Amino acid sequence: MRRPLTVAKAPIDEVIDADHQLTRLVFAFITASAVWLVFGTLVGLYLSLKFRWPEIDHVPWLTFGRLRPIHTNTVFWGFASNGMIGLAYYVVARTSRQRLHSYKLGWISLALIQISVVAGDICLAAGINNGAQEYREYIWPVMALFAGALVLTCYNFYWTISNRTTKEIYISNWYIMGALLWTISLATIAYLPFYQYGFAETAIQGYYMHQGVGMWFTPMVLGLTYYFLPKLLNKPIYSYSLGVLAFWTQMVFYTMIGAHHFLYSPLPWWLQTVAILFSIGMLVTVVAGTANFLLTMKGSGHAVRNTYAVPFLLVGVVYYFVGSAQGSFEALRSLNMIWHFNNYTIGHSHITMYGFVTFLIWGGVYGLLPRLSGREARQLFIGMHFWLAFIGVLIYGVSLSIGGTLQGLSWLAGKPFEDSVTLMAPYWLWRAIGGTLMFGSHLLFAYNVWCMLPSKSRDEAVETYTEVPSAS
Amino acid sequence: MSEGKRYDEIQGKIVHVYDGIEEADNDLPKWWLWTLYGAIVFAIGYWFYYQEFRIGKTPVEAYEAAAAASATTTADIDPTKLAEAATNPQAIAAGQGVFATNCAVCHGDKAEGKIGPNLTDDRWLHGGSGVDIYRTIFEGVPSKGMPNWGPTLGAKSVEDVTAYVMSLRGTNVPGKPPEGEPWSGDAAGGAPAEDTAAGADAGSGPSAADTNAADTNAAAPGPASPATPTNAP
């Protein structure tokens, strides 16, 4: 049967025989992730309305300065991190052909992350924060809980991989371990106080903020995609070498590019130039990674049409290329002059964190969860989730990219600031419209996760499932 | 795990198998290598452009160049030249054109005042001498919403608009009620002559400080300018 927007998808063809403990842990992470997504983007949507109706409220706890970091930190540490770590627990154990080293540590990690996000958000709302330092607004005792969760997860994964029964370590695990090790170092460097004053604080901030994206979200989600993409397509990966090259260039180039957030600042001029060179270098990594994924997908049009997880992955891979290429060019001095410090940057961060990272997480969730629980969500709702999110982020990205460019040009022309505010009004309205579509899709996602949760006993579910004819 | 030695139709020889995921090891596509070479060439070029040969300007150099450029345009306000322009029909006509496009939005089509003040009466918020008008237009009064038109229009157009506005003084077009201090340049007899004197006073005093710190206008909106007319008589 054909539906207006969603082609009828094939039912899942197998239920994975994973152990119940791991399944429960993965579902707990994904459920937490879905809850944080709804909360975090509700805050984001409210913020987008404030651009259009600034007089909407007069409550201190709902001021822009407090809600904005609540939005960013919630979707970073609450939604995306929970989602990625949850999927990684499965991927690491599965590709190592080994039981997870410790389930107990897994649950402790889960608890630590939730406590840190709850405590951090309450602190931010009450005005207790770490100063105006993007993505490290949580005060250090709160972030220490999060870092603790990463350390425990890293330890857990390390021993699982170390005790693997396979010969080599699969590339997903390189990425996942790389992301964990980098992010633990990064959080430590970013929060140690004794070298952070004056301009050194800004230098560290640039280093931290960009690596938070490029050393945590990017490698984690690429590692997961290296598992889910070939698995769902049931096809061989195009090239081992390309994967390895993309991995190592990511690890080397990305560490140098944080200073591109502070071009034309008193940071040393040579440091800025180095950051720009490596930002362009990242094109090599991004093209290698994208090429490997797309060449693996080549000739898989039927999989895109007939499954509901692969379209999410395809969108994620395309946005990986678009968003990252955009980032490289934004680092060039001449373009940075137009695009920095205005709404173009907000568009860019949503193209990458949403179009790229979030879509790949969703692809993994829709690919894995039904196979673990044997319960599928309604296809119509998954289809609606996909289209609302896809159209929403498209409107969001295009409106802010155009508006931000005009804003930057207005500033460069020396026009009064009010001009740039007036000219942004329609683009902010479009952003709110896109944001509303995106938020609507998140409600559907949460409901879909609810539908995919395992029933009372998983064995029951497996039995009911096997009656469905497999369509391969 | 079975060591895969299978040969895949599309991807070629399989080198690894993990949890059923097969991995081939195709050569890097040729076009991919070009992104690598391109990035290397770019890096070397960019480094030499900004760091070695210093062709690209650093922010300090760019700032100094811009400051030098703006200094020559605001410091050398010549009261005599402005006075001459105010009686030159060509300059006034050109200024009227610029006014209609840029200024009429706030000051009204006939300069009768809308958001901005009426420019045709004999009261002035920031001084009514030619030099004061020129400076108000060029540097703006950011705290009151008057943009700095200097960088947008350029010295020549600002001069024309100044000429046009000077020609409007005292024509008293009905519109927004007068605001600011009375400027009695005309009353004292002969606008051009008075202009020159007032301009010379103002020019020698605060202008040096003003041009070096255009920003201070925002913090302390024109303490120097309103003072000028009161000194004039």
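Only a predicted model underlies this, so the values are computations on that prediction, with no experimental measurement involved.
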Within the 4.5 Å heavy-atom criterion, are B:Glu23 and A:Ile171 side-chain neighbours or not? yes
Can you tell me how far CD of B:Glu22 sits from NZ of A:Lys235, rounded to the nearest 0.5 angstrom? 11.5 Å
With a 4.5 angstrom heavy-atom cut-off, could you sort out which part of B:Trp31 is near chain A: side chain, backbone, both or neither? side chain
Does A:Asn234 CG have over 12 foreign heavy atoms under 6.0 Å away? no
What one should report as the nearest heavy-atom pair of A:Leu245 and B:Trp32 is CD1-CH2, 3.8 Å
With a 4.5 Å cut-off on heavy-atom pairs, point out which of A:Ala288, A:Ala291, A:Ser328 contacts chain B the most. A:Ala288
I want to check something: taking the side chain as every heavy atom from C-beta on, are B:Arg6 and A:Pro236 in contact at a cut-off of under 4.5 Å? yes
Looking at B:Thr58, B:Leu36, B:Asn148, which has the largest count of heavy-atom pairs under 4.5 Å with chain A? B:Thr58
Minimum heavy-atom separation for B:Asn26 to A:Ser239, with atom names? O-OG, 2.9 Å
Looking only at heavy atoms and a cut-off of under 4.5 Å, which of A:Met282, A:Lys298, A:Arg333 has the most pairs with chain B? A:Arg333
Closest non-hydrogen atom pair between B:Ala39 and A:Val284, with its separation: CB-CG2, 3.6 Å
Of all the residues in residues 42-53 of chain B, which have a heavy atom that comes within less than 4.5 Å of a heavy atom in chain A? B:Phe42, B:Ala43, B:Tyr46, B:Trp47, B:Tyr50, B:Gln51
Can you see whether B:Asp19 engages A:Tyr227 through a side-chain donor-acceptor pair at a distance of less than 3.5 angstrom? yes
I need the contact set between residues 94-114 of chain B and chain A: heavy-atom distance under 4.5 Å, sorted by residue number. none
In terms of heavy-atom contacts, A:Glu168 and B:Tyr18 come closest through CB-OH, 3.3 Å
Heavy-atom pair count under 4.5 Å with chain B, highest-scoring of A:Leu332, A:Thr95, A:Val287: A:Val287
Does atom CG of B:Asp27 have more than 12 heavy-atom neighbours, drawn from other residues, nucleotides or ligands, at distances under 6.0 Å? no
When the 4.5 angstrom heavy-atom criterion is applied to A:Ile169 and chain B, the contacting part is backbone
Between B:Ile40, B:Ile21, B:Thr35, which residue shows the highest count of heavy-atom pairs closer than 4.5 Å to chain A? B:Ile21
With rounding to the nearest 0.5 Å, note down the distance linking OH in A:Tyr238 to CG in B:Asp25. 9.5 Å
Does a sphere of radius 6.0 Å around CZ in A:Phe262 hold more than 12 heavy atoms from other residues, nucleotides or ligands, not counting ones at 6.0 Å or beyond? yes
